[in-house]
J.: 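Would you mind keeping the following structure in view while I ask a few things?
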Amino acid sequence: MTVLKPEQAASREYQAGFVTDIESDTLPPGLNEDVIRHISAKKDEPEWLLEWRLEAFRHWQTMSEPRWAAVDYPPIDYQAISYYSAPKSKEDGPKSLDEVDPKLLETYEKLGIPLREQEMLAGVAVDAVFDSVSVATTFREKLAEAGVIFCPISEAVREYPELVRQYLGSVVPTGDNFFAALNSAVFTDGSFVYIPKGVRCPMELSTYFRINASNTGQFERTLIIADEGAYVSYLEGCTAPQRDENQLHAAVVELVALDDAQIKYSTVQNWYPGDENGVGGIYNFVTKRADCRGKRSKVSWTQVETGSAITWKYPSCILRGDDSVGEFYSVALTKMHQQADTGTKMIHLGRNTRSTIVSKGIAAGYGQQSYRGLVRIGKDAHGARNYTQCDSLLIGDRCGAHTFPYVEVKNPSAVVEHEATTSKIGEDQLFYCRARGVPEEDAVNLIVNGFCKDVFNELPMEFAVEANRLMEVSLEGAVG
Amino acid sequence: MLKIENLHVRVDGKAILKGINLHVRAGEVHAIMGPNGSGKSTLSNVIAGRDGYEVSEGSIRFKGKDLLGMAPEERAWEGVFLAFQYPVEIPGVNNTYLLKAGVNARRRHLGLPELDAMDFMQRVKEKAKLVELDPSFLSRGVNEGFSGGEKKRNEIFQMAVLEPELALLDETDSGLDIDALRVVAGGVNRLRSPERAIVMVTHYQRLLDYIQPDIVHVLVDGRILKSGDKALALELEARGYDWVREEAGA
């Protein structure tokens with residue numbers, strides 16, 4: 001068998017690396033209160049939201065960047081980043097896809113996500129976020145019939161101010177952490193979803209994110225509320241064009257599930273990881289948190305993370321309601337010089353709360369991979385249960401996998417289980433596949449996809465297929 | 001079909017095979033017998049292309065082509081198959097999917113159209129009957145949670161699906177009870193054909209009661225010391241291996 005060469009490992013060119021030439025209305029680099037006022041004014045925001053942003057900004061100025069994650073990168077100059085960039089449009093925004101800049105549609109087609117086709121064939125409503133401003137929103141009427149609100153959060157601020165004001169920052173407060181505070185100060189857009197009582201959202205909701213303008217940090221803000229007995233499945237997929245400079249991405253996602261509500265949140269993330277020398281790539285510092293506020297509520301996070309130079313991400317569940325359930329299924333792949341410090345937090349507060357964590361980390365090339373997870377059982381969480389399974393797969397001998405499980409139990413009736421494995425991709429397994437006629441690279445894909453199966457099974461059908469393909473594309477050249 | 005000449009193989013610098021000569025023609029069934037550590041498994045692994053073996057001398061030609069210059073998958077495409085002594089588990093990888101990938105890679109190599117899912121499933125179901133493999137095994141992970149006997153049965157099932165020209169059976173009888181042995185041997189016998197050669201590696205003659213070999217070789221200390229017909233296997237069973245050593249003056 002050929003020896004795996006780390007310098008060759010997983011260094012295929014990033015396929016989504018192209019830049020769409022659309023005029024941008026971009027603020028000069030720098031961050032101060034005037035910039036925040038400008039963003040707020042651009043968005044036509046009410047006074048309370050401006051104040052909220054300013055408060056976050058003032059808080060942020062007192063904070064320092066977290067350094068506890070097992071990732072390494074040069075200091076970020078926050079004054080060198082431009083905090084607003086919007087595609088120019090003649091009117092206030094397109095009324096339909098026909099009014100969308102054809103070049104933008106072309107970009108989506110290059111990425112294999114033609115909006116039209118998705119509209120008609122997949123029945124997926126797409127709220128396309130392109131350079132901080134949503135330019136195309138589909139299926140709105142159909143969702144409206146069901147009473148579902150799915151719109152850019154900037155629009156929700158104008159149309160549904162009470163809902164936004166009630167829930168925004170209620171899961172991730174403005175001063176929660178350095179990046180969340182920054183996001184609260186400067187977020188430009190994102191999605192807003194509200195599912196009314198007893199409504200099962202008639203389709204999967206999907207947002208495709210795309211970072212485009214050079215040097216523009218992207219600060220998405222997503223807020224999803226499932227009212228009593230409601231159900232929604234939300235898909236998030238991302239690609240970004242190739243860039244030399246690092247791009248900062250600090251999103252915040254807040255989920256609120258009331259009594260008997262269910263939210264399924266799936267992510268396939270494929271941002272530009274940097275080149276084979278570790279130059280460029282996205283810094284992905286994301287705060288994702290769900291509040292299972294209601295009794296018997298349930299939130300599932302499923303993520304497939306293959307992109308970004310650095311990932312700092314811990315989708316979490318606060319299991320506040322009695323009998324609420326939190327799930328976290330994750331596949332993270334780091335190759336070349338990518339670094340990922342990712343995991344979850346399950347905070348059990350209510351009685352008989354249950355959580356499941358399945359984390360699969362794959363490291364190739366010089367990739368570094370850390371699972372960091374917290375399971376906290378509060379003193380009133382009688383009968384709480386957690387099951388954690390955390391597996392790592394190494395390809396080659398220059399990569400690394402690390403596991404940092406934190407467990408805090410304050411209630412003696414709780415049951416917490418943790419299983420962890422680390423294995424090198426087996427030469428025996430590879431030889432077995434090859435002896436059956438499967439070429440080496442395909443054999444690696446087979447084995448990796450098998451390793452990830454428990455997580456892929458949690459993805460909605462279309463996403464599962466995409467995830468398989470993404471792993472294959474990402475692993476091309478992982479063996480030399 | 002298979003021509004091994006003066007094959008010398010080292011593992012970690014230690015000589016394991018010391019000048020093997022073996023000619024196998026299409027349609028023949030050969031048995032290679034020998035005590036533990038004689039180099040039997042090394043021989044089948046080297047033919048199939050496993051890493052970690054250093055060929056210091058000699059050649060292996062298959063249908064006139066140099067096998068040693070080929071990757072394991074290329075050998076499979078040429079028609080070489082190895083039934084493993086210890087089949088590995090590959091969690092989450094569907095048994096049928098693995099086979100389909102292997103069959104179609106070979107068909108591409110041979111310039112044949114790939115089999116679609118329907119045709120392939122048809123073929124797989126027929127072959128599963130051959131070794132009395134429960135259809136539920138088809139959709140399970142490769143050898144995942146299989147018993148020892150099930151793993152061996154799965155190997156012969158894979159052989160049936162892949163339709164090799166040369167099948168190497170490495171200790172296929174080990175770990176099988178008598179019923180399982182009968183089933184596995186029955187499967188192998190049904191796969192015998194004038195176009196296909198079979199080389200069985202074993203240290204018990206028990207398997208040969210079920211699969212009749214044309215030629216029996218005795219492999220001791222890295223050399224084939226004696227070859228003969230089925231009678232030789234019976235003699236080995238009765239007398240052990242020492243007399244062969246003495247006779248050869250080894």
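Naming: A, B, ... by sequence-line order, numbering from 1 per chain.
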J.: Going by an N to O cut-off under 4.0 Å, is there a salt bridge joining B:Arg153 and B:Glu132?
T.: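 Salt bridge: no.
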J.: For chain A, which candidate among B:Asn94, B:Val80, B:Asn143 shows the most heavy-atom pairs at distances under 4.5 Å?
T.: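 When all of B:Asn94, B:Val80, B:Asn143 are compared, B:Asn143 has the most.
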J.: Against chain B, label A:Asp428 side chain, backbone, both or neither, depending on which of its atoms sit under 4.5 Å from a heavy atom there.
T.: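 A:Asp428 touches chain B through backbone and side-chain heavy atoms alike.
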J.: Scan side-chain atoms only and decide if A:Tyr234 and A:Glu204 contain a donor-acceptor pair under the 3.5 Å cut-off.
T.: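 Result is no, nothing qualifies.
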J.: Under a 4.5 Å heavy-atom cut-off, does chain A meet the side chain of B:Tyr97, its backbone, both or neither?
T.: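 For B:Tyr97, side-chain heavy atoms alone lie under 4.5 Å from chain A.
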J.: Does B:Lys40 come within less than 4.0 Å of B:Glu171, counting only side-chain N to carboxylate O?
T.: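 Looking at B:Glu171 together with B:Lys40, the answer is yes, because their closest N to O distance falls below 4.0 Å.
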J.: Check each atom of A:Tyr432 against the heavy atoms of chain B and say whether the ones under 4.5 Å are side chain, backbone, both or neither.
T.: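 For A:Tyr432, the contact with chain B is made by backbone and side chain together.
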J.: Identify which part of B:Glu74 has an atom lying under 4.5 Å from any heavy atom of chain A, answering side chain, backbone, both or neither.
T.: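 Interface part for B:Glu74: neither.
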J.: For B:Leu82, is it the side chain, the backbone, both or neither that has a heavy atom under 4.5 Å from a heavy atom of chain A?
T.: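 Answer is both: backbone and side chain atoms of B:Leu82 are under 4.5 Å from chain A.
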J.: Checking side-chain polar atoms at under 3.5 Å, does A:Gln269 have a donor or acceptor matched by the opposite partner on A:Ser308?
T.: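 Distance-only check passes for A:Gln269 and A:Ser308.
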J.: For B:Pro164, which atoms come within 4.5 Å of any heavy atom of chain A: side chain, backbone, both, or neither?
T.: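 It is neither, since no heavy atom gets under 4.5 Å.
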J.: Given heavy-atom pairs under 4.5 angstrom as the criterion, report whether the side chain, backbone, both or neither of B:Val142 touches chain A.
T.: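 Side chain only.
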J.: Would you mind checking if B:Arg25 and B:Glu28 are paired as a salt bridge, meaning a charged N to carboxylate O distance below 4.0 Å?
T.: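 Counted as a salt bridge, because a side-chain N and a carboxylate O are separated by less than 4.0 Å.
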J.: So, A:Gln303 and A:Thr342: side-chain donor and acceptor under 3.5 Å apart, yes or no?
T.: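 A:Gln303 vs A:Thr342: donor-acceptor pair found between side chains.
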